[in-house]
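Please read the structure below before turning to the comments.
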Protein chains: 2
Amino acid sequence: MSKRTRTRETLFTAALELFDERGYEATTVAEIARRAGVTEMTFFRHFPSKDAVLVDDPYDPLIADAIVAADPALPALAAVTAGVRDAWASVPPPAAAAVRERLRIVAGSPALRGALARNSRATEQAIAEALRCRGVASRPAVVVAAAAVAALNGALLDWAAVEGDESLGDAILGALAALDGAS
Amino acid sequence: MSKRTRTRETLFTAALELFDERGYEATTVAEIARRAGVTEMTFFRHFPSKDAVLVDDPYDPLIADAIVAADPALPALAAVTAGVRDAWASVPPPAAAAVRERLRIVAGSPALRGALARNSRATEQAIAEALRCRGVASRPAVVVAAAAVAALNGALLDWAAVEGDESLGDAILGALAALDGAS
DNA sequence: CGCAAGAATGTTAGTGACTAACATTACGCC
DNA sequence: GGCGTAATGTTAGTCACTAACATTCTTGCG
């Protein structure tokens, strides 16, 4: 394991510990770095920002591919939900407990919710592009893409916030069903 | 007109001018304050943050009321779109040109897009609450609310970014149609 | 095994958004 | 015109984040 990944992980766990102990906004980057045994500068060489510790998603390509591959007869929203369903099925389910801990912190901070939205922009654009490839007009494409991503994020945050033993996968599938089944 | 509102408006126009001249991120709060003839501190006494100059929306109550009033037979998403449609119809259309200028700036900055999402949280919660009043379960309520708000914001930003003479109202109604007609 | 290149980290200095506490001015009403 | 209070100024500070340059550490290669 390279030194780079090692310090990155040290910083990551130090950050999670501190967020858990005293909350996100109350912990400073300097503290995280100190607990990790490095300088503040080093933190920013591993994470572009403080919130990047908690929000980072590289779903995009999978989802977009699944959408263009979806049944051409399906209307836009249904195509997206089908695509996300497929993409989710083709990916190893992450360690739910860890994801949940992180999402819970995100759910509790307006700033982090904003960061999550900002961070999902790439996914949103990938979905819109995939829809356009299917012949959907530009405006409906961006609207449906924005709605789908927001629905997913909303479901994830709700899943994390609510106590219970529902699986992550069920939460996602349920959210998608709520979206295109509820009109 | 009280002094408070006067300086607030001076700050507001000074900010818009500067954002237009050199872009959002490139203008500092100190510059805005200087052009308005006040101190940096005074700026923050009128706007809670730099992005608050551009994003602030008090739609919530109207929309929520319209949703609970919507036909109980309608499914969740359709109820929301119907509610927004009604709320929009009952409100005087704002000066489109000014709104457009502001939204164009927001569309161009990831940070501002995040701020917009953060700022729409109250509306989102109001919608979710209204849906729950209609008997919709909790998870679908937050999911549909998140999707609807994101769709609206997405449509607004797209409308602002695209050149053309489409009216704001048409853009909103079109977005709603795209949402619940496309599944 | 030792030694250079290159990666990773440290140091210093600075910017910009935002906050707190206290002093000062200006407005608006009687 | 004076007087209370709201509006502004002043100062000092915190925190996220960036840039430029110096230093150490790792690693592959002879």
Side-chain angles (χ1 to χ4, degrees), chain A residues 1-19 21-56 102 105-106 108-119, chain B residues 1-19 21-56 102 105-106 108-119:
Chain A
M1 186 199 249
S2 79
K3 181 173 190 180
R4 179 160 187 89
T5 22
R6 225 180 320 148
T7 33
R8 198 193 138 94
E9 280 180 15
T10 312
L11 279 164
F12 183 73
T13 62
L16 284 194
E17 281 172 26
L18 285 166
F19 292 163
E21 287 172 20
R22 55 188 90 162
Y24 175 77
E25 353 254 13
T27 98
T28 77
V29 171
E31 287 168 340
I32 299 172
R34 187 150 45 78
R35 177 166 300 197
V38 295
T39 306
E40 195 179 344
M41 263 274 39
T42 298
F43 175 91
F44 286 107
R45 281 199 263 254
H46 288 270
F47 299 95
S49 61
K50 187 183 168 189
D51 40 40
V53 174
L54 294 166
V55 299
D56 61 337
R102 286 166 60 178
I105 300 173
V106 176
S109 158
L112 283 172
R113 286 183 102 103
L116 179 59
R118 202 176 58 205
N119 198 272
Chain B
M1 184 201 252
S2 80
K3 181 174 191 180
R4 179 160 186 88
T5 26
R6 225 180 319 147
T7 33
R8 199 193 136 94
E9 280 182 14
T10 311
L11 278 165
F12 183 72
T13 62
L16 285 194
E17 280 172 25
L18 285 166
F19 293 163
E21 286 172 21
R22 54 188 91 162
Y24 175 77
E25 354 254 13
T27 97
T28 79
V29 172
E31 287 169 340
I32 299 172
R34 190 151 43 80
R35 177 165 301 195
V38 294
T39 306
E40 195 178 345
M41 263 277 36
T42 298
F43 175 91
F44 285 107
R45 279 199 263 254
H46 287 270
F47 298 94
S49 62
K50 187 184 166 190
D51 40 43
V53 174
L54 293 166
V55 298
D56 62 335
R102 286 166 62 177
I105 301 173
V106 176
S109 159
L112 283 173
R113 276 178 175 267
L116 179 59
R118 203 175 57 206
N119 198 272

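So that the names make sense, note that chain A is the first sequence line, chain B the second, and so on, each numbered from 1.
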Problem - Under 3.5 Å: donor-acceptor pair, side chain of A:Thr10, backbone of A:Arg6 - result: yes
Practice task
Run the salt-bridge test on A:Arg22 and A:Glu31 with the 4.0 Å N-O cut-off and return the result as yes or no.
Solution key: yes
Problem - Residue list, salt bridge (Lys or Arg N to Asp or Glu O under 4.0 Å) with B:Arg8, at least two apart or on another chain - result: none
Problem - DNA chain C: 5'-proximal contact among B:Thr27 and B:Arg45 (nearest heavy atom) - result: B:Thr27
Handout entry: Residue pair A:Thr5, A:Ser2: steps toward the side-chain hydrogen bond (donor to acceptor under 3.5 Å, both in side chains) verdict
Key = CA-CA 6 Å; A:Thr5 22; A:Ser2 79; 2.8 Å; yes
Problem - Side-chain ion pair, A:Glu21 and A:Arg35, N-O less than 4.0 Å - result: yes
Exercise for the section: For residues B:Arg4 and B:His46, report the shortest heavy-atom separation together with the two atoms involved. Expected result: O-CE1, 3.3 Å
Handout entry: Atom-pair distance (CZ on B:Phe43; C1' on C:dC18), nearest Å
Key = 11 Å
Problem - Derivation and outcome, side-chain hydrogen bond (donor to acceptor under 3.5 Å, both in side chains), residues A:Thr39 and A:Thr42 - result: CA-CA 5 Å; A:Thr39 306; A:Thr42 298; 4.6 Å; no
Handout entry: Residues forming a salt bridge (Lys or Arg N to Asp or Glu O under 4.0 Å) with A:Glu25, sequence neighbours excluded
Key = none
Problem - Salt-bridge present (A:Asp51, A:Arg113; N to O < 4.0 Å) - result: no
Practice task
Quick one: label A:Thr5 by what it contacts on the DNA or RNA (base, sugar-phosphate, nothing), any heavy atom closer than 4.0 Å.
Solution key: nothing
Problem - Those residues that, when tested against A:Tyr24, pass ring-ring contact (aromatic ring centres under 6.0 Å, His included) (two or more places apart) - result: A:Phe19
Practice task
Would you kindly give the CZ-to-P distance between A:Phe47 and C:dT9, to the nearest whole Å?
Solution key: 12 Å
Exercise for the section: Could you pull out the closest heavy-atom pair between A:Leu112 and A:Ile105, with the gap in Å? Expected result: CD1-O, 3.9 Å
Exercise for the section: Strictly below 4.0 Å, heavy-atom distances to any atom of DNA chain D: list the hits from residues 28-42 of chain A, or just say none. Expected result: A:Thr28, A:Val29, A:Glu40, A:Met41
Problem - d(NE2, B:His46; C1', C:dC18) in whole Å - result: 16 Å
Fill in the blank from the handout: The first and last nucleotides of DNA chain D lying within contact of chain A, meaning any atom under 4.0 Å from one of its heavy atoms, run from D:dC15 to D:dC25
Please write out the pairs of protein N or O atoms and N or O atoms of nucleotides 23-30 of chain C separated by less than 3.5 Å, giving the distance to one decimal.
none

